[in-house]
Amino acid sequence: MRLLAIETSCDETAAAVLDNGTLLSNIVYSQLKLHQPFGGVVPEIASRAHLQTVIPTIQKALAEAGIQKDDVEAIAVTFGPGLVGSLLVGLNVAKAMAYALNIPLIGVNHLEGHIFANRLDHPDLEPPAMVLLVSGGHTILLLLEDWGRYRVLGQTIDDAAGEAFDKVAKMLTLGYPGGPIIDKLAREGNPEFYRFPRAWLDDKSYNFSFSGLKTAVLNYLKSQKKEFIREHLTDICASFQAAVTDVLLEKTVRAANEFEVSKIALTGGVARNSYIRAQFEKRANQEGLQLFVPSPAYCTDNAAMIGAAGQFYLEAGQHADFSLDAVPNLGLNTRPA
Ligand code: KG4
Ligand code: ZN
């Protein structure tokens, strides 16, 4: 069964082809350069860019998979959460193709896509597992009870982890997106240079908060001389990154222990972070937990992960109908009607 997957929820136009779950192609057209001058994603620019690139991206994915559009037997598409104007572009193309080719349409929750990303590299990942989804828009700790069954234990009450990276990078005038830049600079810095606050919230909470940390960094920067900041830029990045990592790591490990699961899975753009990956690896080894992390290309937004989730629902016979609408604030446990 050849499945075409389409993802346009934010600023990446992406298409992938899977054959019975085996990935044949995975194309991502990044709009990064269009948004960089604005220091963040501009929704209208994103929708228009999707409109221009979505068909060429699909054509490229089909060509790389060595198939024609008529060979596609099912279509999976992200219907939320995300920017409404962006979602509508991919959704409309997917519907038109499914209608014209008379094939099943599968609506995929973007967050579920991120969870399924781990399955692309680790088909052996069997639930239950504790999943930490950390991206630019979300920070969610969830128990993967089974594929398709999630128990959300906590999430951010303010900024997402990736958002914190991006905002702190902006304060340091490092550019956008901040995550990869801070990651790189922090490799040369001392994570114990300055102790930024860790927001544990209350003892039992699995929620996260990063806005206090962001303010603490801002106040710290205001209190220091420009030369000092320049001289210790890598140390400041490393110290901020350590504060984010500590909270993510402690809460995830505590949840794994409380719910007695032996597996931890990271996913989302922030899971590309080299320090986070290394710290989780180290701690997982100490605790006897098995750690799963997708390869970097499957962490950030892509269509392969949407295809992996789509394949699951295709096999389960859960198809969407043509009334499927974009849902910008779609929650994790919502399936299309
Ligand atoms: O998953 P993603 O591509 O999009 C969303 O669904 O949000 O994640 C993008 C986020 C951005 O905030 C970006 O700064 C962050 O992931 N990111 C990183 C790294 N690479 C990307 N954050 C920390 N370290 C990285 N290496
Ligand atoms: Zn995402």
Side-chain angles (χ1 to χ4, degrees), residues 5-14 16 26 28-32 35-36 39-41 43 46 77-83 86-87 90 108-118 120 131-140 155-156 159-172 174-187 189 191 208 210 213-214 237-238 240-245 247-249 265-280 293-309 328-330 332:
I6 302 169
E7 151 67 38
T8 64
S9 69
C10 191
D11 61 337
E12 323 276 13
T13 317
N26 183 31
V28 180
Y29 173 83
S30 174
Q31 303 178 359
L32 200 61
H35 301 288
Q36 253 161 354
V41 177
V77 64
T78 306
F79 71 103
L83 301 169
S86 289
L87 289 164
V108 175
N109 183 319
H110 180 82
L111 302 173
E112 244 187 302
H114 275 301
I115 298 169
F116 271 83
N118 257 306
L120 292 162
V131 178
L132 178 68
L133 195 173
V134 270
S135 70
H138 296 87
T139 300
I140 305 175
Q155 43 196 319
T156 182
D159 294 345
E163 207 177 342
F165 271 94
D166 295 338
K167 286 179 177 170
V168 166
K170 203 169 190 174
M171 288 174 203
L172 290 163
L174 295 175
Y176 173 84
I181 306 169
I182 290 184
D183 185 354
K184 196 162 166 224
L185 288 169
R187 278 178 220 164
F208 301 93
F210 295 108
L213 170 60
K214 182 186 64 188
C237 287
F240 156 75
Q241 189 173 262
V244 174
T245 308
V247 180
L248 295 176
L249 180 57
L266 301 182
T267 191
V270 181
R272 287 178 79 126
N273 185 276
S274 60
Y275 183 77
I276 293 177
R277 290 167 90 106
Q279 293 302 107
F280 268 79
V293 192
S295 49
Y298 301 149
C299 287
T300 30
D301 290 350
N302 65 88
M305 68 183 196
I306 302 304
N329 57 357
L330 185 69
L332 190 54

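For the numbers below, each heavy atom of this structure counts, side chains included, while hydrogens, waters and symmetry mates do not. Since the model is a prediction, treat every value here as computed from it, not as a measurement. Start at 1 and go down the list; that is how both ligands and their atoms are numbered.
- Ligand 1 has a nitrogen or oxygen under 3.5 angstrom from a nitrogen or oxygen of G269.
- Scanning all protein heavy atoms for the shortest distance to atom 26 (N) of ligand 1 gives D183 OD2, 2.9 Å.
- Ligand 1 places these atoms under 4.0 Å from at least one heavy atom of C299: 1 (O).
- Each of the atoms 11 (C), 12 (O), 13 (C), 14 (O) of ligand 1 lies under 4.0 Å from some heavy atom of D166.
- Taking only non-hydrogen atoms, the option from P296, A164, G179 nearest to atom 25 (C) of ligand 1 is G179.
- At the top of the distance list for atom 24 (N) of ligand 1, counting protein heavy atoms only, stands N273 ND2, 3.0 Å.
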Practice problem: With side chain to side chain donor-acceptor pair (under 3.5 Å) as the test, would you mind laying out the steps for Q155 and H138 before giving the verdict? | Solution: CA-CA 8 Å; Q155 43 196 319; H138 296 87; over 6 Å; no
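- Residue H138 does not count as close to the Zn ion (ligand 2), with no N, O or S atom under 2.8 Å.
- At least one heavy atom of P180 lies less than 4.0 angstrom from ligand 1.
- Of all N, O or S atoms in D301, the one lying closest to the Zn ion (ligand 2) is OD1.
- The aromatic rings of F210 and F208 lie parallel to each other, with less than 30° between the two planes, well short of the 60° mark.
- Contact annotation: for H138 versus ligand 1, there are no heavy atoms closer than 4.0 Å.
- Remark: ligand 1 and G137 share an N or O pair separated by less than 3.5 Å (distance only, no angle test).
- Here C10 fails the criterion, with no N, O or S atom under 2.8 Å of the Zn ion (ligand 2).
- Of the charged side-chain nitrogens involved, none lies within less than 4.0 Å of a carboxylate oxygen, so that R272 and D183 do not count as a salt-bridged pair.
- At the top of the distance list for atom 2 (P) of ligand 1, counting protein heavy atoms only, stands D301 OD1, 3.5 Å.
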